[in-house]
Amino acid sequence: MSDRALPRTAAALAELRRARLPRSWYQRDVVTVARELVGCVLVHRQRAGIIVETEAYGGPEDRASHARFGPTPRAEVMFRAGGLAYVYLCYGIHEMFNVVTGPAGRGEAVLIRAIAPHAGLPDDVAIGRGPGKVTTALGLDRRHDRRDLSRGALFVAAAPASPPELGVGPRVGVAYAGEHWASQPLRFWWRDHPAVSKAR
DNA sequence: GCGGGGATTAACT
DNA sequence: GTTAATCCCCGCG
(Lines give C-alpha, C1' and ligand atoms only; values in the text may rest on other atoms or scores of the structure.)
Protein backbone atom coordinates (compact mmCIF):
# COMPACT_ATOMS: atom_id res chain seq x y z
CA MET A 1 0.00 0.00 0.00
CA SER A 2 1.31 3.40 -0.87
CA ASP A 3 2.07 6.79 0.56
CA ARG A 4 -0.47 9.57 0.89
CA ALA A 5 -4.03 9.34 2.09
CA LEU A 6 -5.91 6.96 -0.14
CA PRO A 7 -9.29 7.97 -1.44
CA ARG A 8 -12.19 6.23 0.19
CA THR A 9 -12.72 3.95 -2.73
CA ALA A 10 -13.95 0.43 -3.11
CA ALA A 11 -10.53 -0.44 -4.48
CA ALA A 12 -8.77 0.72 -1.33
CA LEU A 13 -11.13 -1.26 0.85
CA ALA A 14 -10.78 -4.29 -1.37
CA GLU A 15 -7.03 -4.14 -0.93
CA LEU A 16 -7.43 -4.02 2.84
CA ARG A 17 -9.81 -6.95 2.70
CA ARG A 18 -7.27 -8.96 0.74
CA ALA A 19 -4.77 -8.32 3.53
CA ARG A 20 -7.16 -9.43 6.29
CA LEU A 21 -5.33 -11.45 8.93
CA PRO A 22 -6.69 -15.00 9.38
CA ARG A 23 -8.02 -16.34 12.64
CA SER A 24 -4.87 -18.39 13.22
CA TRP A 25 -2.70 -15.28 13.14
CA TYR A 26 -4.12 -14.23 16.51
CA GLN A 27 -3.73 -17.60 18.14
CA ARG A 28 -0.14 -16.97 19.23
CA ASP A 29 1.51 -15.48 22.29
CA VAL A 30 -0.10 -12.21 23.34
CA VAL A 31 3.19 -10.31 23.38
CA THR A 32 4.04 -11.45 19.86
CA VAL A 33 0.64 -10.36 18.60
CA ALA A 34 0.81 -7.04 20.47
CA ARG A 35 4.16 -6.25 18.86
CA GLU A 36 3.13 -7.30 15.37
CA LEU A 37 -0.16 -5.40 15.49
CA VAL A 38 1.77 -2.12 15.49
CA GLY A 39 1.76 -0.99 11.86
CA CYS A 40 -1.25 -3.11 10.91
CA VAL A 41 -4.52 -1.50 9.83
CA LEU A 42 -7.69 -1.72 11.91
CA VAL A 43 -10.73 -1.59 9.63
CA HIS A 44 -14.41 -1.10 10.39
CA ARG A 45 -16.75 -0.67 7.45
CA GLN A 46 -15.50 2.37 5.49
CA ARG A 47 -13.12 3.54 8.19
CA ALA A 48 -9.58 2.46 8.84
CA GLY A 49 -6.67 3.46 11.08
CA ILE A 50 -3.05 2.41 11.32
CA ILE A 51 -2.37 0.87 14.72
CA VAL A 52 0.42 2.80 16.42
CA GLU A 53 0.14 1.74 20.08
CA THR A 54 -0.86 -1.51 21.80
CA GLU A 55 -0.79 -3.18 25.19
CA ALA A 56 -0.62 -6.89 26.01
CA TYR A 57 -2.85 -8.28 28.74
CA GLY A 58 -2.19 -11.82 29.94
CA GLY A 59 -4.34 -14.51 31.49
CA PRO A 60 -5.37 -14.97 35.15
CA GLU A 61 -1.78 -14.60 36.39
CA ASP A 62 -1.68 -11.00 35.11
CA ARG A 63 -3.10 -8.92 37.96
CA ALA A 64 -3.77 -6.02 35.57
CA SER A 65 -5.87 -8.10 33.18
CA HIS A 66 -9.62 -8.52 33.16
CA ALA A 67 -8.80 -12.22 33.05
CA ARG A 68 -7.51 -12.02 36.63
CA PHE A 69 -10.92 -13.13 37.97
CA GLY A 70 -11.13 -15.99 35.51
CA PRO A 71 -13.77 -16.38 32.77
CA THR A 72 -16.40 -14.05 34.28
CA PRO A 73 -19.36 -13.02 32.10
CA ARG A 74 -17.55 -9.96 30.78
CA ALA A 75 -14.09 -11.47 30.28
CA GLU A 76 -15.18 -14.89 29.09
CA VAL A 77 -14.42 -13.99 25.49
CA MET A 78 -10.76 -13.53 26.43
CA PHE A 79 -10.62 -17.26 27.14
CA ARG A 80 -11.79 -18.22 23.67
CA ALA A 81 -9.44 -18.95 20.80
CA GLY A 82 -7.78 -15.78 19.45
CA GLY A 83 -9.22 -13.68 16.65
CA LEU A 84 -12.30 -12.26 18.38
CA ALA A 85 -12.99 -8.70 19.50
CA TYR A 86 -13.29 -7.86 23.19
CA VAL A 87 -14.99 -4.49 23.71
CA TYR A 88 -15.91 -3.19 27.15
CA LEU A 89 -16.99 0.03 28.81
CA CYS A 90 -14.40 1.79 30.95
CA TYR A 91 -15.24 4.39 33.62
CA GLY A 92 -18.81 4.32 32.38
CA ILE A 93 -17.82 6.45 29.42
CA HIS A 94 -15.22 4.99 27.09
CA GLU A 95 -15.44 1.90 24.92
CA MET A 96 -12.17 -0.03 24.76
CA PHE A 97 -11.29 -2.26 21.83
CA ASN A 98 -9.16 -5.38 22.24
CA VAL A 99 -8.31 -8.41 20.16
CA VAL A 100 -8.31 -11.80 21.85
CA THR A 101 -5.10 -13.79 21.34
CA GLY A 102 -3.67 -17.21 22.01
CA PRO A 103 -5.26 -20.65 21.95
CA ALA A 104 -8.55 -21.26 23.75
CA GLY A 105 -8.27 -21.16 27.53
CA ARG A 106 -5.42 -18.66 27.83
CA GLY A 107 -7.41 -15.51 28.61
CA GLU A 108 -5.17 -13.08 26.72
CA ALA A 109 -5.98 -9.94 24.76
CA VAL A 110 -4.31 -6.89 23.19
CA LEU A 111 -5.68 -3.41 23.84
CA ILE A 112 -5.47 -1.04 20.86
CA ARG A 113 -4.46 2.27 22.46
CA ALA A 114 -3.93 4.51 19.44
CA ILE A 115 -4.42 4.66 15.70
CA ALA A 116 -3.31 7.10 13.02
CA PRO A 117 -5.41 8.33 10.09
CA HIS A 118 -5.67 6.03 7.10
CA ALA A 119 -8.05 5.67 4.20
CA GLY A 120 -11.57 6.53 5.27
CA LEU A 121 -10.73 7.81 8.73
CA PRO A 122 -11.89 11.42 9.04
CA ASP A 123 -9.25 13.66 10.63
CA ASP A 124 -11.73 15.45 12.88
CA VAL A 125 -12.83 12.22 14.51
CA ALA A 126 -9.23 11.16 15.01
CA ILE A 127 -8.37 14.19 17.11
CA GLY A 128 -7.43 13.37 20.67
CA ARG A 129 -5.56 10.33 21.87
CA GLY A 130 -6.01 7.19 23.84
CA PRO A 131 -7.95 3.95 23.60
CA GLY A 132 -11.30 5.66 24.07
CA LYS A 133 -10.67 7.65 20.90
CA VAL A 134 -9.88 4.57 18.87
CA THR A 135 -13.44 3.32 19.23
CA THR A 136 -15.13 6.67 18.57
CA ALA A 137 -12.95 7.22 15.50
CA LEU A 138 -13.92 3.88 14.00
CA GLY A 139 -17.52 3.76 15.26
CA LEU A 140 -16.99 0.79 17.55
CA ASP A 141 -18.84 -0.05 20.76
CA ARG A 142 -19.96 -3.02 22.83
CA ARG A 143 -22.14 -4.30 20.01
CA HIS A 144 -18.85 -5.41 18.49
CA ASP A 145 -17.87 -7.41 21.56
CA ARG A 146 -17.08 -11.03 20.64
CA ARG A 147 -17.14 -10.33 16.92
CA ASP A 148 -15.05 -12.65 14.77
CA LEU A 149 -12.30 -10.59 13.11
CA SER A 150 -11.80 -13.19 10.40
CA ARG A 151 -15.23 -12.42 8.88
CA GLY A 152 -17.35 -9.35 8.43
CA ALA A 153 -16.77 -5.61 8.35
CA LEU A 154 -14.48 -5.44 11.39
CA PHE A 155 -10.98 -6.80 10.92
CA VAL A 156 -7.24 -6.17 10.93
CA ALA A 157 -5.26 -5.97 7.71
CA ALA A 158 -1.58 -6.95 7.62
CA ALA A 159 0.94 -4.12 7.88
CA PRO A 160 1.16 -2.45 4.44
CA ALA A 161 4.83 -1.53 4.92
CA SER A 162 7.83 -3.08 6.62
CA PRO A 163 7.45 -3.22 10.42
CA PRO A 164 8.16 0.04 12.24
CA GLU A 165 10.77 0.48 14.94
CA LEU A 166 9.08 -0.34 18.24
CA GLY A 167 9.15 1.54 21.51
CA VAL A 168 8.54 -0.56 24.62
CA GLY A 169 7.39 0.46 28.09
CA PRO A 170 5.06 -0.23 31.00
CA ARG A 171 1.29 -0.25 30.53
CA VAL A 172 -0.76 2.81 31.38
CA GLY A 173 -3.27 3.08 34.23
CA VAL A 174 -2.68 -0.26 35.90
CA ALA A 175 -1.15 0.78 39.23
CA TYR A 176 -3.89 -1.22 40.97
CA ALA A 177 -2.16 -4.40 39.81
CA GLY A 178 0.86 -3.82 42.04
CA GLU A 179 4.38 -2.82 41.14
CA HIS A 180 5.37 -6.06 39.48
CA TRP A 181 2.58 -6.16 36.92
CA ALA A 182 2.39 -2.40 36.50
CA SER A 183 6.07 -2.24 35.55
CA GLN A 184 6.16 -5.05 33.00
CA PRO A 185 7.23 -3.84 29.52
CA LEU A 186 3.95 -4.77 27.83
CA ARG A 187 3.13 -1.56 25.94
CA PHE A 188 4.39 -1.21 22.38
CA TRP A 189 4.31 1.73 20.05
CA TRP A 190 5.54 2.93 16.69
CA ARG A 191 8.66 4.85 17.70
CA ASP A 192 8.67 8.50 16.67
CA HIS A 193 5.17 8.30 15.25
CA PRO A 194 3.40 11.65 15.75
CA ALA A 195 0.19 9.94 16.94
CA VAL A 196 2.03 8.58 19.99
CA SER A 197 2.80 11.10 22.71
CA LYS A 198 6.38 11.88 23.72
CA ALA A 199 5.54 11.66 27.41
CA ARG A 200 5.15 7.95 26.88
C1' DG B 1 -28.47 -6.35 46.78
C1' DC B 2 -24.32 -3.14 48.26
C1' DG B 3 -20.29 -0.80 47.74
C1' DG B 4 -15.84 -0.02 45.79
C1' DG B 5 -13.41 1.08 41.90
C1' DG B 6 -11.89 1.18 37.16
C1' DA B 7 -6.95 -0.87 30.78
C1' DT B 8 -10.12 7.29 30.50
C1' DT B 9 -10.46 12.00 28.94
C1' DA B 10 -10.79 16.87 28.80
C1' DA B 11 -11.30 20.76 31.27
C1' DC B 12 -10.20 22.98 35.06
C1' DT B 13 -7.02 25.63 38.97
C1' DG C 1 -2.09 18.55 39.80
C1' DT C 2 -7.13 17.84 40.45
C1' DT C 3 -11.64 16.53 39.31
C1' DA C 4 -16.12 15.51 37.15
C1' DA C 5 -18.56 12.60 34.12
C1' DT C 6 -20.90 7.98 34.25
C1' DC C 7 -22.03 2.82 34.43
C1' DC C 8 -21.34 -1.66 35.13
C1' DC C 9 -18.34 -5.30 36.77
C1' DC C 10 -17.19 -8.13 40.50
C1' DG C 11 -16.64 -9.87 45.25
C1' DC C 12 -18.97 -10.52 49.23
C1' DG C 13 -22.82 -11.24 52.48
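Letters go in sequence order (proteins before strands), and every chain restarts at 1. This one's a predicted model, so the numbers in the text were calculated from it and none came from an experiment. Reckoned from all heavy atoms, side chains included, excluding hydrogens, waters and symmetry mates.
- Taken to the nearest 0.5 Å, the NE2 atom of A/H144 stands 10.0 Å off from the CD atom of A/E95.
- Judged by a 6.0 Å distance limit and a 45° cone about the ring axis, A/R171 is positioned over the six-membered ring of A/Y57.
- When rounded to the nearest whole Å, the span between CZ of A/R63 and P of C/dC10 equals 13 Å.
- Considering every non-hydrogen atom in both A/L37 and A/V156, the closest pair reads CD2-CG1, 3.9 Å.
- If you take CG of A/L111 and C1' of B/dG6, they are 13 Å apart, rounded to a whole angstrom.
- Taking the C1' atom of each, B/dG5 and C/dT3 are spaced 16 Å apart, rounded to whole Å.
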Point to revise | Test log, rule salt bridge (Lys or Arg N to Asp or Glu O under 4.0 Å), inputs A/E61 and A/R68 | key: CA-CA 6 Å; A/E61 73 284 355; A/R68 67 189 182 278; over 6 Å; no
Practice item. Test side-chain contact (heavy atoms from CB on, under 4.5 Å) on A/R35 and A/V168 and set out the steps. Key: CA-CA 9 Å; A/R35 296 176 64 96; A/V168 182; 4.2 Å; yes
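- As rounded to whole Å, 11 Å separates atom P of B/dT8 from atom CG of A/N98.
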Enumerate all atom pairs, one protein N or O and one N or O from nucleotides 5-9 of chain C, separated by less than 3.5 Å.
residue, atom, partner, partner atom, Å
C/dT6, O2, A/Y91, O, 2.3
C/dC9, O3', A/R74, NE, 3.4

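- Contact check of residues 174-186 of chain A against DNA chain B (heavy atom, cut-off under 4.0 Å) returns A/V174, A/Y176.
- Environment of CZ in A/R23: crowded, with over 12 heavy atoms of neighbouring residues, nucleotides or ligands closer than 6.0 Å.
- Nearest heavy-atom pair across A/L154 and A/R20 is O-NH1, 4.2 Å.
- Geometrically, A/R191 does not engage A/W189 in a cation-pi contact, judged by NZ or CZ lying under 6.0 Å from the ring centre and within 45° of the ring axis.
- Applying the 6.0 Å contact sphere to CZ of A/R151 captures no more than 12 heavy atoms from other residues, nucleotides or ligands.
- For the atom pair CD of A/E55 and CE of A/M96, the computed distance is 8.0 Å after rounding to the nearest 0.5 Å.
- Rounded to whole Å, atom C1' of B/dG6 lies 10 Å from atom CZ of A/F69.
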Check your understanding: What's the verdict on ring pair (Phe, Tyr, Trp, His ring centres under 6.0 Å) for A/H66 and A/Y88, showing C-alpha distance, side-chain angles and the deciding distance?
Key -> CA-CA 10 Å; A/H66 286 179; A/Y88 69 93; 4.4 Å; yes
**Study point:** Dot-bracket notation for DNA chain B, counting Watson-Crick and G-U pairs under 3.5 Å, with | for partners on another strand
**Key:** ||||||.|||||.
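- Distance, A/E108 CD to B/dA7 P: 18 Å, rounded to whole Å.
- Look at the C1' atom in both B/dA10 and C/dC8: the space between them is 22 Å, to the nearest Å.
- Here the P atom of nucleotide B/dT8 and the OH atom of A/Y88 are 7 Å apart, to the nearest Å.
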